[in-house]
There are 2 protein chains.
Amino acid sequence: MAEELKKSATRAAGTKVRILTAAEHLFTARGFAGVTMREVARRSATNVASAHYHFGSKEGLVIEMLRHRIAPINAERLRLLDEAKHQSGGKPLEPIVIFTALLLPIGQAATGSKGPDSRFMQLVGRSFTEPASFLEKVHRRLFQELSDIFMVELRRSHPDAQEEDLFWNLHFVVATMLGALANHRRLAPFSGGLCKDKDVAEMIQRLIVFAAGGFASSIENIKPRSN
Amino acid sequence: MAEELKKSATRAAGTKVRILTAAEHLFTARGFAGVTMREVARRSATNVASAHYHFGSKEGLVIEMLRHRIAPINAERLRLLDEAKHQSGGKPLEPIVIFTALLLPIGQAATGSKGPDSRFMQLVGRSFTEPASFLEKVHRRLFQELSDIFMVELRRSHPDAQEEDLFWNLHFVVATMLGALANHRRLAPFSGGLCKDKDVAEMIQRLIVFAAGGFASSIENIKPRSN
DNA sequence: CCTTTGCTTAAACGATCGTTTAAATAGAAA
DNA sequence: TTTCTATTTAAACGATCGTTTAAGCAAAGG
């Protein structure tokens, strides 16, 4: 274990993160198919062969970069959910609390160390719509467990709702989030400049309210409170 | 004019729609960057040079195919909205009516002549998240006017709401639609098979309820009914 | 010191890309 | 039929792709 830490402290580790950072910026701007390994190499001041040495292939680089970015977000989601469960003392969580745990970490990730990096949000949203089939496996591995955990809480807070309805509406919440992330740069021009695309935190807050409202309305319309 | 009709009845027109159809299927399955002109040519039983002859370039083919598919959907949206305005007799429309006019034609387009073509829905959703910059101009031309018209009705039905809030929440409705379209094939595996991805009509109905609920909840939370 | 191991590099490989050129073909006009 | 224009075709162009090879380099172990 001490050896591993030592190894990862060598100059190779620096190259690896330089490649990852360059790849993230480029893939964000132009998609996975639109970026070449040579561009990644040039931007990271390395070599095409070096990227293949560290990541095996272009697919490997894409997968590693996504995991590197998404894993901390999911960890924060679970942390917020756990925190809320602790504070509720065993009682079912309010839906808006559940969705806050799901959506807030996205905004935190987007407002990183160097100020709001609104472009990163596009990357996550786009990774779901890219046709690359190898991404499906990654998404399954990254999100299946998270989805299951959040479904447990949704079930607890809606004991009368049908399983199918909960799935559909959680799907819509996620779809709203992904769609808003992927497209939010287009809002400013469409609103004639009225809505700024820089204020990520405001958007997330609005998004949480919208998602919780849509979820509640949809569940209630299908299964009215028993009477 | 008679000459144009005659011209468009020549064998060239047949080639053109064969190319468009082949392009639609391929782009749907693998994205714009993931499909080559040679594949389009092979699938349409033509030639690479023929596609360039008719569409000028790969970009031209993509643009023409999108317009060919989206224009009828937008026409149907405006028709439904007009129909609703006629039936309401000058009174502001209910939000759910507005969103039905916006979302229902998508489902109709997806359940085409040869039964539900659920894959087409991905294409529309993806066209918004693809990084290809030339698509932004197309989207502006295809959707700006539509957006303006629907905003007019939203304003009429929410006279007390602030312009900015209406924009944000219309954006969320569109984001939900696009996200749901682009990702809806992933719902089935994530739900363990409980939610089928074939029943497009059911999804659209659920989507309308969700969107209207989210919109209403969000507008009300920000600006409570005057009291 | 030298060897070994992990990492980096330049150069090349074969394949395939979007696009173009120029010749062949078809259908309407004459 | 002959002429002319519109369409289709085969072949090639130059560029660039992801990946690999093999040589060079740095640092730790002996």
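The model shown is predicted, which means the values in this text are computed figures rather than measured ones.
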Rounded to whole angstrom units, what separation is found between the [atom1] atom of [X] and the [atom2] atom of [N]?
X	N	atom1	atom2	answer
Leu61(A)	dT19(D)	CG	P	10 Å
Phe55(A)	dC7(C)	CZ	P	12 Å
Asn47(A)	dG24(D)	CG	C1'	12 Å
Arg18(A)	dC7(C)	CZ	C1'	12 Å
Lys58(B)	dT19(C)	NZ	C1'	12 Å
His52(B)	dC17(C)	NE2	C1'	10 Å
Tyr53(A)	dC7(C)	OH	P	4 Å
Met37(B)	dT9(D)	CE	C1'	15 Å

Parallel, tilted or perpendicular: which describes the rings of Trp168(A) and His171(A), with under 30° parallel and over 60° perpendicular?
perpendicular
How are the rings of Phe210(B) and Phe210(A) set relative to one another: parallel (under 30°), tilted (30 to 60°) or perpendicular (over 60°)?
perpendicular
Going through the checks in order, is the side chain to side chain contact (heavy atoms under 4.5 Å, CB included) test met by Lys137(B) and Arg140(B)?
CA-CA 5 Å; Lys137(B) 266 184 300 180; Arg140(B) 196 81 48 84; 5.6 Å; no
If only side-chain N and O atoms of [X] are considered, is one of them under 4.0 Å from the OP1 or OP2 phosphate oxygen of [N]?
X	N	value
Thr15(B)	dT8(D)	yes
Ser50(B)	dT7(D)	no
His54(B)	dT8(D)	yes

Hey, does Val35(B) reach any base, or is it just sugar-phosphate, or nothing, if we go heavy atoms under 4.0 Å?
sugar-phosphate
Want to settle it: does Arg38(A) or Val48(B) sit nearer the 5' end of DNA chain C, counting the closest nucleotide to each?
Arg38(A)
So, Phe128(B) versus Phe143(B), ring centres under 6.0 angstrom or not?
yes
Salt-bridged, Glu39(A) to Arg42(A), with N to O below 4.0 Å?
no
Counting side-chain heavy atoms from CB outward, which of dT9(C), dT19(D), dT9(D) is closest to Thr46(A)?
dT9(C)
